[in-house]
Protein chains: 2
Amino acid sequence: MMSAQAPEGYDKYAFEPFAVTVDLAVFTVRDGRLHVLLVERGQDPYAGAWALPGGFVLPRESAGQAARRELAEETGLSDEVVASLHLEQLRTYSDPDRDPRMRVVSVAYTALVPDLPEPRGGGDAAQARWLPVGSYDRLAFDHERILADARERIGAKLEYTCLATSFCPPEFTLGELRQVYETVWGTTLDRPNFRRKVLATPGFVEPVAGAARLTGGRGKPAALYRAGGATALHPPLLRPEGKPS
Amino acid sequence: MMSAQAPEGYDKYAFEPFAVTVDLAVFTVRDGRLHVLLVERGQDPYAGAWALPGGFVLPRESAGQAARRELAEETGLSDEVVASLHLEQLRTYSDPDRDPRMRVVSVAYTALVPDLPEPRGGGDAAQARWLPVGSYDRLAFDHERILADARERIGAKLEYTCLATSFCPPEFTLGELRQVYETVWGTTLDRPNFRRKVLATPGFVEPVAGAARLTGGRGKPAALYRAGGATALHPPLLRPEGKPS
DNA sequence: GCAAAAGTGTTCTAGTTACACCCATGC
DNA sequence: GCATGGGTGTAACTAGAACACTTTTGC
């Protein structure tokens, strides 16, 4: 924002121009692994490297609007679906040398989506793909850092919000919901305690009457639930501390 | 960040230029009230209104560096002191119409400082002043919103970090530390329980051997403490829920 | 029957809450 | 003395952790 100290008759073009972009860290859980949506760069710098999807903020849109627009373009999802997704501003990355070409300030966003069909190419040339986190060599620019920040953020968010249901299809079992936590946190959780905790939080999930589904091929069919209306998780569901998977 | 889909031979000046600024929400506790550092605007828009201090990000600095530079200018604190302060990126505000003059994207930062001497004018014309939160009519631009977000953030931060000591002078009593929590949260806390909680958290505070100080003019002199090395507060110190002051 | 996954019950304990109570100081 | 704020003690309550156990399915 212009402060009171800004020069009086300033000139819009007096400064070296800043480009403002958005970067998206979009996660999903597939086959019990955390996946992130990436695009392959076709040109230098970082030609051939994977990068987070993103793009310029247009002159008449906010960064949040730009993020939703880019997400719709990259995933091929309908506007209504994209509008209903949970998109959260992560933070802004502004190191002067983060892009060698020019001064680019990027507002990063995070989204959690259920396991989607492989994204169609969208309007752009480069194909967007879901890749397991850690399965790539190196990300372009400072995207490695952004992705790490995003992982940390969603891990923390699961503790005190009901956001985990965003990773799930419309109807899901408590086992699937638990797997979301275990995948994101890289831990195992006590099944009985997890169940009680979730059911004891009003509005976290609501049962689908009479419905049940087999999960692993064997075992007792699990009851189905839908996401409830609650967003906060009080008291929080804390991840175990020094506990590896 | 430039995505893989960015136009190839792009022109730095092809877009309407974005200005990138920082805004600062700097808090202190004075006389048991939460104060925020504000500057009075001398020119339109919002001439005469109070605004958060801030300014342009220079071509060769990051937003965080700009925030520290502006903070030093506004408060008149030495560079070493400013370098040691806790400055945290809050979020970025990018509504296209948030500044009527041009497109300004602002990265907001929050800082917590102990009760400082009234800031000297700094290099700039407008005087910066500490004002109790809520004691002004209206803030310029979307600064009301930024300030509200900043308050919420620091309130939450006190719950699970040891950051409250940033509001205190180098040596402080547990009563003063408790008052920080009560002021920011607008609640009262049980004194004995607060004391135990703080002392039971390793590294939150460390005693200053033998030192004591009278606080309210009356009463038993209180032992003095210094901030410890810990940053996280495990388990957290949760604010009471439906409890007014 | 056996393995696997869902679902229920129970015990133990750390952490918090809500108090009552004593101590040291200024007026 | 008495008001004021610092400091200690303690009983009740709550949420969570750990783990045994039952149920329902596929093979």
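Each chain gets a letter, A, B and so on, in the order the sequences are listed, and its residues count up from 1. As the structure is a computational prediction, the values presented were derived from the model and not from experiment.
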Evaluate the ring planes of B:F141 and B:H143, with Trp represented by its six-membered ring, and classify them as parallel (under 30°), tilted (30 to 60°) or perpendicular (over 60°).
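If you compare the ring of B:F141 with that of B:H143, the planes turn out tilted.
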
Nucleotide [N], atom [atom2] - distance to [atom1] of [X] in whole Å:
X	N	atom1	atom2	answer
B:L177	D:dG5	CG	P	17 Å
B:Y225	D:dG6	OH	P	11 Å
B:E176	D:dG5	CD	C1'	12 Å
B:L233	C:dT16	CG	C1'	13 Å
A:R239	D:dG16	CZ	C1'	17 Å
B:L174	D:dT4	CG	P	21 Å
B:H234	C:dA14	NE2	P	18 Å
B:R195	C:dA20	CZ	P	20 Å

Is the backbone N or O of [Y] less than 3.5 Å from a side-chain atom of [X], with the two atoms forming a donor-acceptor pair by type?
X	Y	answer
B:E152	B:D149	no
B:R68	B:V82	yes
A:E70	A:D23	no
A:T92	B:T92	no
A:T28	A:D115	yes

Output a table of nitrogen or oxygen pairs between the protein and nucleotides 12-15 of chain D separated by less than 3.5 Å.
none

Could you give the distance from CZ (A:F204) to OG1 (A:T161), rounded to the nearest 0.5 Å?
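These two atoms lie 7.5 Å from each other.
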
Base, sugar-phosphate, or nothing: which does [X] touch, judged by heavy atoms less than 4.0 Å apart?
X	result
A:R178	sugar-phosphate
A:A212	nothing
B:A223	sugar-phosphate

Do A:L38 and A:L52 come close enough that some side-chain heavy atom pair is under 4.5 Å?
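Yes. Closest side-chain heavy atoms under 4.5 Å.
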
How would nucleotides 19-27 of chain D be written as a contact map, 5' to 3', with B for base contact, S for sugar-phosphate-only contact and - for no contact, using protein heavy atoms under 4.0 Å?
BB--BBBS-

Under 4.0 Å between a Lys/Arg side-chain N and an Asp/Glu carboxylate O for A:R153 and A:E88?
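Between A:E88 and A:R153 there is a salt bridge, with a charged N closer than 4.0 Å to a carboxylate O.
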
